[in-house]
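Below is one structure, written out as structure tokens; comments come after it.
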Amino acid sequence: MVVGVSGLVAGLLVGGVLLVTVLGSTLHRGAEDAATRTAASLAELIAADSLPDPLPVTGDDVRAQVIDGQGRVVAASLGADRLVPFLYPGERPPRGSDEPHSVYIDGQRIGVTGPVQVVAVEAGTPAEPRTVLVAKSLGDLVRAVDLLKHSLLIAYPLLVVLLAAIAWRVIGATLRPVETLRAGAQAITDGARADRLPLPASRDEIHRLAVTLNGMLARLEGARARQRAFVADAAHELRSPLTNLRTELEVAQRLGEAPDTEDLLADVRRLGGLVDDLLLLARSDDLAGRPDPVTGPVDVVALLAGIAARYPARVTLRPVAGAPWTVGDEAALDRVVANLVDNAVRHARSRVELAATLAGDQVEITVTDDGPGIPEADRERVFDRFTRLDDARARDAGGAGLGLSIVRELVARHGGTVTLDDAAPGLVATVRLPAAAIAEAGPETPQPRSVQTGLARPTTPAG
């Protein structure tokens with residue numbers, strides 16, 4: 001604000017100086033032109049041998065003389081000296097000069113106040129040379145310029161003060177909402193209370209900025225709430241296997257017997273799987289929806305066949321028509337299908353079916369079981385982290401409620417979707433991924449490859 005006001009003051013100062021300079025120059029040029037025209041008119045009268053005496057001039061501030069070659073006054077206007085020329089010999093133009101000659105003299109020389117501009121024009125013939133002298137008083141001009149200077153000297157400080165006051169009020173009113181936003185932002189703490197910036201009453205850019213910042217704060221608050229819930233749930237889930245390990249070791253220490261390594265290994269596996277799941281979700285949050293930088297072709301049939309082979313007595317792979325391929329991280333897609341199959345096997349009564357098909361430009365992978373299913377109202381909620389239902393799909397076999405969350409994160413990173421639907425009876429999970437056009441099997445067919453993303457096949461139930 002100070003810089004803006006200083007620039008305005010400097011601009012007014014420069015403008016005032018230019019105004020005085022241009023006005024003075026214009027008035028002097030106008031006076032010279034008027035005197036030159038009068039001198040030219042008298043020169044024409046001399047050429048016509050009709051020069052009157054006294055010489056005709058216009059205005060009380062104009063006086064004229066005509067002098068001969070010896071510098072004697074031969075004609076003069078009313079009020080002009082008839083004995084002494086306006087200009088001394090050294091001030092007169094040389095003979096033969098075609099251009100008007102202008103000289104500034106002191107007005108006291110001709111009996112007037114202030115400076116005087118004298119224009120000299122050559123006239124007559126070589127035999128009878130004449131010089132026309134027209135004196136134009138510049139007193140009124142000087143007084144006008146001085147009046148302007150004095151007016152500006154008086155008005156300039158007042159104008160500067162007035163403009164500074166106006167600028168202070170206007171800029172202050174403009175920046176007051178910004179200061180309110182700054183104070184509101186400074187008052188925001190990292191506590192649990194929901195903080196928002198105050199919205200200005202005006203519907204302008206500042207108001208839109210405040211609305212945008214409040215939206216950002218709301219998103220940050222949501223992310224902070226999810227982070228707190230995630231940390232709390234993770235701590236709760238990690239406490240159970242750690243408590244089991246501690247209890248078994250303390251009991252074995254008190255009894256003086258070797259601990260049951262099978263139970264310890266089961267808890268360690270469960271703990272390791274939970275840590276892997278948490279790291280995977282944290283890595284997904286860091287990616288923030290960005291796809292993995294490296295992917296490759298994935299043979300969906302081979303992927304499903306490998307997973308079905310892990311459950312030879314429980315999972316049936318339906319015949320697949322064609323050769324569906326997709327592009328992505330084979331280890332991540334293996335994790336997706338394995339999590340869905342683990343859930344289906346855990347809750348199925350008798351059968352789990354695994355299938356794949358091409359549907360336009362998408363590959364659809366379905367995992368169907370004949371278990372109790374999931375109510376329609378809960379089918380979206382089960383994808384939240386650490387979510388368990390209170391029915392048959394409640395906490396079991398060490399499940400932490402992260403399996404479906406991992407499925408959705410990995411599928412989204414591959415540009416696909418996952419949905420849960422009723423299988424009557426049971427549940428069908430459908431994964432839709434972008435299809436890839438791969439040539440028929442041959443020596444040039446690209447082989448599916450696993451991208452190193454830190455994913456491993458789950459060794460414990462997905463939850």
Side-chain angles (χ1 to χ4, degrees), residues 233 237 240-241 244 262-263 265-267 269-270 273-274 276-277 300-321 324 333-357 359 363-411 416-433 456-463:
D233 290 335
E237 294 297 334
S240 296
N244 290 341
E262 291 297 328
D263 292 341
L265 285 175
D267 287 332
R269 292 191 190 98
R270 177 185 172 190
L274 182 57
D276 289 341
D277 291 345
V300 176
V301 176
L303 178 69
L304 299 187
I307 295 175
R310 304 174 202 167
Y311 308 88
R314 300 294 304 275
V315 177
T316 301
L317 177 61
R318 294 178 183 174
V320 179
L333 295 179
D334 183 280
R335 183 68 174 273
V336 167
V337 181
N339 279 9
L340 294 175
V341 171
D342 283 338
N343 282 340
V345 168
R346 189 178 310 117
H347 302 293
R349 293 189 178 91
S350 60
R351 63 180 179 86
V352 174
E353 294 182 349
L354 192 57
T357 183
V363 175
E364 289 188 357
I365 301 173
T366 59
V367 179
T368 308
D369 66 72
D370 59 353
I374 296 177
E376 184 176 357
D378 295 326
R379 290 174 189 168
E380 183 66 24
R381 185 170 64 89
V382 294
F383 288 103
D384 295 337
R385 298 174 185 182
F386 298 103
T387 298
R388 303 186 185 91
L389 302 181
D390 295 331
D391 55 9
R393 292 182 184 265
R395 184 187 187 103
D396 58 59
L402 294 177
L404 292 180
S405 298
I406 293 174
V407 168
R408 170 165 284 186
E409 293 285 350
L410 295 179
V411 171
T417 60
V418 57
T419 57
L420 301 178
D421 299 289
D422 191 7
L427 187 74
V428 55
T430 305
V431 176
R432 295 177 178 86
L433 299 169
R457 290 188 175 92
T459 57
T460 60

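Along the sequence shown, residues are numbered consecutively beginning with 1.
Across all their heavy atoms, Arg379 and Asp422 have their closest contact at NH2-CB, 3.4 Å. Of all heavy-atom pairs spanning Asp369 and Ala348, the tightest one is CB-CB, 3.8 Å.
Every side-chain contact (heavy atoms from CB on, under 4.5 Å) that Val320 has, sequence neighbours left out, goes to Val301, Pro324, Ala356. Scored by the side-chain contact (heavy atoms from CB on, under 4.5 Å) test, Thr419 finds Asp421, Thr430, Arg432 as partners (sequence neighbours excluded). In this structure Arg351 satisfies the salt bridge (charged side-chain N to carboxylate O under 4.0 Å, His left out) test together with Glu353, sequence neighbours excluded. In this structure Ala355 satisfies the side-chain contact (heavy atoms from CB on, under 4.5 Å) test together with Arg318, Thr366, sequence neighbours excluded.
The CG atom of Leu303 sits 5.5 Å away from atom CG of Asp334, with the distance rounded to the nearest 0.5 Å. Between the CD1 atom of Ile406 and the CZ atom of Arg335 there is a distance of 4.5 Å, given to the nearest 0.5 Å. The structure places NE2 of His347 at 7.5 Å from CD1 of Ile374, a figure rounded to the nearest 0.5 Å. Atom CZ of Arg408 sits about 4.0 Å away from atom CD of Glu380, to the nearest 0.5 Å. Note that CG of Leu427 and CG of Asn343 are 9.5 Å apart. Values are rounded to the nearest 0.5 Å. Once rounded to the nearest 0.5 Å, the distance linking CZ of Arg381 with CG of Asp378 reads 4.5 Å.
Put simply, the side chain of Leu340 reaches to within 4.5 Å of the side chain of Leu404, judged on heavy atoms. Residues Arg310 and Val315 are not in side-chain contact: their nearest non-hydrogen atoms beyond the backbone lie 4.5 Å or more apart.
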Query raised in the report: Going through the checks in order, is the side chain to side chain contact (heavy atoms under 4.5 Å, CB included) test met by Leu433 and Leu333?
Result: CA-CA 10 Å; Leu433 299 169; Leu333 295 179; 3.7 Å; yes

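Tested against Val337, the residues Leu304, Val431, Val407 include a single side chain to side chain contact (heavy atoms under 4.5 Å, CB included) partner, Leu304.
Using a distance-only test at 3.5 Å, with no hydrogens or angles considered, a donor-acceptor pair links the side chain of Asp370 to the main chain of Arg349.
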